[in-house]
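Residue numbers count from 1 along this sequence.
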Amino acid sequence: MKKFIYLLALAMVFVNYSCASLASLFGGNGVCNCSCAACVNCTGKHRHVLSSEELAQLQLAQSTLSDQQARRKAELDSLLNMDYTIVHYDVPDPTIHIPFSWDDNEVITESRDSLDALFNKSKATTGGDIQYVHKGINTSYKENDVYFYFNTKDGVPQPLRMVVHFYADDPIEFNTLKMQLERFKYEFEPTKVHRSTEGQFYVENFDQALDGTCRDFVAGLAKCEFGNILLHSKGGVSHRIYLTDKQLKHFRDTYKLYRLMGGKL
């Protein structure tokens, strides 16, 4: 009987010996997958048995790592698949741009009637029968402005005229117009600038018929999208007029109607 009890105790000891060691003995690499009491607080060669929460965290970390690796691979594939062929761009040479110029064969696409409706017609005071001035222009000498207008005689346009009004409490005594129309520069020297005073204000203006020497800057004022005119004084005090969209439209409309009616310079 004692012998039987001894054998039974030996068997129990054998069962309670680390099952992971037995698994290692039979090729299990020290991994215990059983749920026996001997594996609960394993401190030997056995690896920790993960709880369901720990297993979920491990799976999440593995999934995140996989996503990162997939992203990096996609980024690498994108870089590898980019077209690295050298592209040659044709950059325009600024020296070959053609300045604004008057074209005798220019075609005006607007209708004469649509343009004619934009103008006030009155009795001409500077030669001719009828004076054409854009309705958007304030012709008062107190209104600092620059604009075109023209007269007709027997329905035929007379030379295009240019007006500059300067009215301020300090004089500039300008004698030349220096125009910067987009990238191009033009100059015009009026024949005579009228100067006077009105109380504390100084009046400087001219109203002059233009000729063939003015054709290019006339076309420039009518066609440019931005520009400015410097009322230049030899005395060193000058005044710059930055042309507004409204002023440019007045130039453009007057030029087009003048050309449609047969006006020439």
[atom2] on [Y] to [atom1] on [X], rounded to 0.5 Å:
| X | Y | atom1 | atom2 | answer |
| --- | --- | --- | --- | --- |
| Met162 | Asp207 | CE | CG | 11.0 Å |
| Leu230 | Arg240 | CG | CZ | 4.5 Å |
| Asp169 | Thr197 | CG | OG1 | 13.0 Å |
| Leu160 | Arg259 | CG | CZ | 10.5 Å |

task: Please test Thr126 against Asn151 for side-chain contact (heavy atoms from CB on, under 4.5 Å), starting from the C-alpha separation and ending with a verdict.
output: CA-CA 8 Å; Thr126 53; Asn151 300 324; 2.7 Å; yes
task: Among Tyr255, Phe251, Phe148, Phe188, find the residue that satisfies the ring pair (Phe, Tyr, Trp, His ring centres under 6.0 Å) test when tested with Phe217.
output: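 Between Phe217 and the candidates, ring pair (Phe, Tyr, Trp, His ring centres under 6.0 Å) is satisfied uniquely by Phe188.
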task: Could you tell me whether Arg215 and Asp104 make a salt bridge, using a distance below 4.0 angstrom between a side-chain N and a carboxylate O?
output: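 Result for this pair is yes, salt bridge flagged.
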Carboxylate-amine/guanidinium contact Glu106 Lys223, below 4.0 Å: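 Yes.
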task: Take Leu118 and Lys256 through the test side-chain contact (heavy atoms from CB on, under 4.5 Å) and record every step on the way to the result.
output: CA-CA 12 Å; Leu118 302 175; Lys256 288 181 178 180; over 6 Å; no
field: Counterpart residues, ring pair (Phe, Tyr, Trp, His ring centres under 6.0 Å), relative to Phe150 (two or more places apart)
entry: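 For Phe150, the residues satisfying ring pair (Phe, Tyr, Trp, His ring centres under 6.0 Å) (neighbours in sequence not counted) are Tyr132, Tyr258.
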- request: Test His232 against every option in His239, Glu189, Lys178 by the side chain to side chain contact (heavy atoms under 4.5 Å, CB included) rule and name the one that passes.
  value: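 Exactly one candidate clears the test, Lys178.
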Might you confirm whether atom [atom1] of [X] has over 12 heavy atoms from other residues, nucleotides or ligands at distances under 6.0 Å?
| X | atom1 | result |
| --- | --- | --- |
| Gln68 | CD | yes |
| Lys121 | NZ | yes |
| Lys135 | NZ | yes |

Working for salt bridge (charged side-chain N to carboxylate O under 4.0 Å, His left out), residues Lys73 and Asp77: CA-CA 6 Å; Lys73 184 178 183 302; Asp77 290 342; 3.1 Å; yes
Side-chain polar contacts of residues 170-177 - donor-acceptor pairs under 3.5 angstrom, sequence neighbours left out - could you list them?
none

message: Would the distance check show the side chain of Ser78 and the main-chain N or O of Ala74 forming a donor-acceptor pair, the cut-off being under 3.5 Å?
response: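 Here the side-chain-to-backbone pair does not exist.
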query: Any donor and acceptor pair, going by atom type alone, linking the side chain of Gln208 with main-chain N or O of Thr191 inside 3.5 Å?
result: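 Yes.
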message: Side chains of Asp211 and Thr213: any donor to acceptor distance under 3.5 Å?
response: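 There is such a pair (donor and acceptor under 3.5 Å, judged by atom type) between the side chains of Thr213 and Asp211.
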Exercise: do Ser196 and Tyr141 side chains pair donor with acceptor under 3.5 Å: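 No, no side-chain donor-acceptor pair sits under 3.5 Å.
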message: Taking the side chain as everything from C-beta on, heavy atoms only, tell me whether Leu260 gets closer than 4.5 Å to Asp116.
response: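 Contact flag for Leu260/Asp116 side chains = no.
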field: Ring centroid separation Tyr147 to His134 under 6.0 Å
entry: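 No - the distance between ring centres of Tyr147 and His134 does not fall below the 6.0 Å cut-off.
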Nearest heavy atoms of Glu225 and Glu182, plus distance in Å: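 The pair with the smallest heavy-atom distance is N-OE2, 2.7 Å.
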